[in-house]
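Small disclaimer: the values here were computed from a predicted structure and weren't measured.
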Number of protein chains: 2
Amino acid sequence: MAGKRARTAPTRGTTITDIARAAGVSKATVSRVLNGGATVNEEMAKRVRVVIDELGYTPSQTARSLSLGVSRTVGVVVPDLGNPMFHQVLHGFNRAAARDGYRVVVADSFEDPENEAELARDLRDRTDAVALFAPRMTRENLLALLPRVAPVTVFNRTTGKNAGSVLIDYHAGVIELARHLIDLGHRRIAFLAGPSDARSNWERERGLAEVREAEGDVEINDIACGYSFEDGYRAWPAVGASAATAVIAYNDVVALGLLGRLAEEGVSVPGDLSVTGFDDIPFARYSSPSLTTMTASLEDIGRQIWTVLRAEMTDSPIRDPLTFTPALSARGSTRMLP
Amino acid sequence: MAGKRARTAPTRGTTITDIARAAGVSKATVSRVLNGGATVNEEMAKRVRVVIDELGYTPSQTARSLSLGVSRTVGVVVPDLGNPMFHQVLHGFNRAAARDGYRVVVADSFEDPENEAELARDLRDRTDAVALFAPRMTRENLLALLPRVAPVTVFNRTTGKNAGSVLIDYHAGVIELARHLIDLGHRRIAFLAGPSDARSNWERERGLAEVREAEGDVEINDIACGYSFEDGYRAWPAVGASAATAVIAYNDVVALGLLGRLAEEGVSVPGDLSVTGFDDIPFARYSSPSLTTMTASLEDIGRQIWTVLRAEMTDSPIRDPLTFTPALSARGSTRMLP
DNA sequence: TTGAAAGCGCTAACAT
DNA sequence: ATGTTAGCGCTTTCAA
């Protein structure tokens, strides 16, 4: 309402004004007792606190954010919360953020690249910064999005220094994995490839190509697969047909899916077939046989993502990608070829 | 600044005012073209849209929420995003919410009951409603929290009709599981108990107590355990000592952890020991042996949580708890006693 | 159809 | 130490 009163107030519940009135003080005073800092007469402060309690008042974070210009909250967009890998990273991120007084809210894009940008923008509009975990969108879309949602840092995608970036070195990782298998005497290896548009996949492809190059007598076959249990489970016929003695699965989840199928099919692991994963999700240790995989300190990575994001938020961004090289965890699912 | 200008604007980026000025129209007009509905001269509208594009403007959701009083966003507090069970439910919830034009943001409490209430309040302050998934806090705290964060609905805890509530019938479920084992001839059963303060645990305890009552010759031993892989893994010595021929694990994650240990220890499943889980997480189908467990349609449950929350938000809340009874999925980890 | 202005709930500068 | 007031960026009533 222009004029005397504006439009009907869409307000919910008690506001700072109610408290001020009820306590017989100004809003400013209420604000001061709420936020500490300023000096307030102890009498008054007490009275205000009592009223706040009685009326069960909580300040509107929305109003607060608008006024302050910051929310001390950051958003994370994750492609698949169902992959324990992301959960681990998220955990580290969350803890680090909390230590700096920041809250974390997360949005799951459920592997839908269409949704990612909108989710990120929307999240960013309610928070002070966002982290994008392994975005699935095209590089073009990613680069277009970055300035819109800054400060932003990206996990497992490069950004051409247009944003902070933290990477797992899948290239080096997969090479180590392949060498492990080769050292064990394997010469026919199958690679269960992940999503063809994912950086994490072509980094692996690139590493394996180098291994092929270097080791003339080693044969590495690509088998299109995916990233889920199902995908691993369904890969069996192709794996069987390949006559490989060892399988490098795209990640642990895929490897575990395959393991399930192999058990059903009566294929002994590692007797008939060696199998490796990637990520070292918690369950990899408990499968039977336990899974040989590449371990990165996921919590640590989460912590670093926070550090980089924090830098983006302040003075001096860290634009050189931070790279983590995973290490081999040799377990029960691989063995020396007789 | 009282006086001419208030304090330094903590603004970020382009605002509606910039657009209005650049397009030579009023903020009201910009708002109108942004939100459709009202009739705007096509000329003007076009001009505004061009400017918006050029300046890369996105409206502040914070300001919008404050003005509108709603955000078309809801929050979810989850105790452990690492448990695939919650992820499944979240998926169903998310889809249903999206269909109604709502966005979902989630906060992970990482199993810390201390944090839950604060997370929930904070989330609620930025959203229109919240869903609490299996809150770990005491009933007292829960009941105190409910009015503060309404509209709210709770998954897997009762609320005494102080909020919407959706439940999995663990009581009936565990009874069916026990009967399955008993039908298979088992007479000494171990129960790996979950968190002692969780409803989901004592509902199971209650069910098992009834079974004990009804079946004189059946012995069911409680073994304190937990909810994680590790917990299941570590339960072995106690399980072994109990001389049980079958184990009812608190949930799939625990069962899977135990399975891993049993493989290490050379205990054959189901040869030496039958093992059951609960929840039917995706991996349960792929473990070796595949896991006998109780299946509920988790996505469906998520969808229903949304329905109930939606009702809370509008006219007529649904205060009678919605209960889902899970069904047995008998798989490879249980067998008839010889 | 368009613009001016009030107001959403809060914070912080300024004045007292 | 406390109150007054402008303003955060948006929406919407009211007047033109």
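Toward the 5' end of DNA chain D, the nearer of the two residues B:A63 and A:A28, judged by each one's closest nucleotide, is A:A28. When each of B:T62 and B:R32 is assigned the nucleotide of DNA chain D bearing its nearest heavy atom, the one mapping closer to the 5' terminus is B:T62.
Sequence neighbours left out, the pairs with a member in residues 154-166 of chain A that pass salt bridge (Lys or Arg N to Asp or Glu O under 4.0 Å) are A:K161-A:D320.
In summary, the side chains of B:T29 and B:S26 do present a donor paired with an acceptor at a separation below 3.5 Å, with no hydrogens or angles considered.
Proximity of A:S31 to the phosphate of C:dT11: a side-chain N or O atom is located under 4.0 Å from OP1 or OP2. Remark: A:R64 is in phosphate contact with C:dT11, judged by side-chain N or O atoms under 4.0 Å from OP1 or OP2.
In this structure, of C:dC10, C:dG3, D:dC10, it is D:dC10 that holds the atom nearest to the side chain of B:Y57. Of all nucleotides listed (C:dT2, C:dT11, D:dG3), D:dG3 comes nearest to the side chain of A:V25. Closest contact between the side chain of A:S67 and the listed nucleotides D:dT4, C:dT11, D:dC10 involves C:dT11.
As a whole-Å value, the separation of A:I16 CD1 from C:dG7 P is 18 Å. When rounded to the nearest whole Å, the span between NZ of A:K27 and C1' of D:dT4 equals 10 Å. Residue B:L34 contributes atom CG, which lies 12 Å from atom P of D:dT12 at whole-angstrom precision. Between the CG atom of A:N41 and the C1' atom of D:dA1 there is a distance of 8 Å, rounded to whole Å. Atom-to-atom, CD of B:Q61 to P of C:dC8 comes out at 20 Å; the value is rounded to the nearest Å. Taking atom CG of A:L68 as the reference point, atom P of C:dA13 lies 11 Å away to the nearest angstrom. In this structure, the CZ atom of A:R72 is 14 Å from the P atom of C:dT11, given to the nearest Å. One atom, CG of A:N35, and another, P of C:dT11, lie 5 Å apart when rounded to the nearest Å.
Just one residue in the list A:F133, A:W306, A:F93 forms a ring pair (Phe, Tyr, Trp, His ring centres under 6.0 Å) with A:F155, and that residue is A:F133.
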Pair A:T158-A:R139, side chain to side chain donor-acceptor pair (under 3.5 Å): steps then yes or no: CA-CA 9 Å; A:T158 56; A:R139 180 168 180 84; 3.1 Å; yes

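As judged by a 4.0 angstrom heavy-atom cut-off over every strand, A:T29 is placed among residues touching the sugar-phosphate backbone only.
Ionic pairing of A:R121 and A:D125 is not present here: no N-O contact between side-chain nitrogen and carboxylate oxygen is shorter than 4.0 angstrom.
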